[in-house]
Amino acid sequence: MKIGIIGAGNVGSALAEHFGKLQHTVLIANSRGPETLSKAAEETGATAVAISEVAKGVDLLIITIPMKAVPSLPKDLLRGLPAESPILDTGNYYPLRDGLIDGIGAGMTESEWTSSVLGRPVIKALNNIMSDSLIHGGSPKDSKSRIALPVSGDDTKAKLFVIALLDDMGFDGLDAGPLSESWRYQPGTPAYCPDPTLKELPSLLERADRNKAAGNRDQAAKILAKLPPDFPAQELVRASRFLVGLDVLKPRTWFAMVRLGFAMLRNPNGRSARQ
Ligand SMILES: NC(=O)c1ccc[n+]([C@@H]2O[C@H](COP(=O)([O-])OP(=O)(O)OC[C@H]3O[C@@H](n4cnc5c(N)ncnc54)[C@H](OP(=O)(O)O)[C@@H]3O)[C@@H](O)[C@H]2O)c1
């Protein structure tokens, strides 16, 4: 396949690496031009292109940039994107980073808003897994701890396409319904980043409370901001699992919670980029 990726940060680079290993052709772009992406291209085997070229003729377009940047994407970005090629949105809304977005404040899910800005349907996936787990967390189909990821959207064929791609990458995909239901795994919900298995994921989605999600998200953002940037991502996953009632009897999980507490106390002004 030919896959275009807009955004070459934590997630874009991790995806480019996966797709390269799967022998797909990967085009990658940012806002500053291909000359600024030579390192990412070299490390992942992707071809750095101008943003005006990244959607042309690709089988899948992935948008993985901060949400505040979505409105500044070129207006003719999607002109060369075949009508049948899905757009996959990994975005998360963090008001502290993205500013206030009225459409989301008025009740749209984050990806419904992105879709409305782009003027085309999108599939939402890969927003609720940290880039570290994305890089290192893939596993064979029969693995008991295989991570499951929700996939939502209004086009069943496009969802199946994305679910098959996730499977190739080492993850189970779960059809989580239409895009209007994708709030169930936005930031601040139980399914946000605990790396659940296919058995665990449905009840996390079911337990999501839309009225509490924004408050939980902002609280979590404050905690993350106190952590040193090198705080191990896997300890954050363990802590997330504990907080949603998974692995509560595992000593390793308790250790992660203690470590999280000490890191916050030791580094009250630390800054993290994990969003
Ligand atoms: N970090 C995670 O673990 C994680 C996990 C799941 C989902 N997410 C979400 O996925 C999205 C990307 O996250 P990330 O951590 O990969 O972000 P990141 O590391 O900050 O990278 C963002 C990328 O987007 C590019 N970009 C910014 N504005 C752009 C524009 N107008 N046009 C084209 N490219 C632009 C940036 O390059 P230039 O600034 O040079 O253009 C950069 O390559 C965010 O919405 C985030 O919340 C993050």
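As a basis for the values below, the full set of heavy atoms in this structure was taken, side chains included, without hydrogen atoms, waters or symmetry mates. Note that ligands are numbered from 1 as they come in the structure, with each ligand's atoms numbered from 1 the same way.
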Any N or O of Arg32 closer than 3.5 Å to N or O of ligand 1: yes
Atoms of ligand 1 close to Pro66 [distance to a heavy atom under 4.0 angstrom, numbered from 1]: 22 (C), 24 (O), 27 (C), 45 (O)
For ligand 1, the portion of Glu110 having any non-hydrogen atom under 4.0 Å away: neither
Sub-4.0 Å atoms of ligand 1 with respect to non-hydrogen atoms of Ser72: 31 (N)
Ligand-side contact atoms (ligand 1) for residue partner Ile129, heavy atom cut-off under 4.0 Å: 5 (C), 6 (C)
Any side-chain heavy-atom pair of Val244 and Pro194 under 4.5 Å: yes
Derivation and outcome, salt bridge (charged side-chain N to carboxylate O under 4.0 Å, His left out), residues Glu181 and Arg210: CA-CA 10 Å; Glu181 285 294 298; Arg210 201 167 188 178; over 6 Å; no
Enclosure of Glu35 CD (heavy-atom neighbours >12, cutoff 6.0 Å): yes
Atom indices of ligand 1, in the order listed, that fall short of 4.0 Å to a heavy atom of Met130: 3 (O)
Numbered atoms and elements of ligand 1 in range of Ile6, under 4.0 angstrom, heavy atoms: 33 (C)
CG/Asp102: more than 12 non-hydrogen atoms of other groups inside 6.0 Å: no
Asp89/Arg120 ion pair, N-O < 4.0 Å: no
Closest to atom 10 (O) of ligand 1 among Leu73, Thr90, Ile28 (heavy-atom distance): Thr90
Contact atoms of ligand 1, heavy-atom distance to Leu126 under 4.0 Å: 6 (C), 7 (C)
Expected output: side-chain Asn30 to main-chain Gly33 donor-acceptor under 3.5 Å: yes
Interfacing atoms of ligand 1 (cut-off 4.0 Å, heavy-atom, Ile51): 32 (N), 33 (C)
Polar contact flag for Ser131 and ligand 1 (N/O pairs, less than 3.5 Å): yes
Distance-only polar pair, side chains of Tyr192 and Asn92, donor-acceptor under 3.5 Å: yes
For ligand 1, the portion of Ala69 having any non-hydrogen atom under 4.0 Å away: both
Donor-acceptor pair, side chain of Lys56 and main chain of Gly80, under 3.5 angstrom: no
Nearest neighbour of atom 24 (O) of ligand 1 from the list Ile65, Leu236, Leu134, on a heavy-atom basis: Ile65
Those atoms of ligand 1 less than 4.0 Å from some heavy atom in Gly91: 45 (O)
Check: Lys124/Ser182 side-chain N/O donor and acceptor closer than 3.5 Å: no
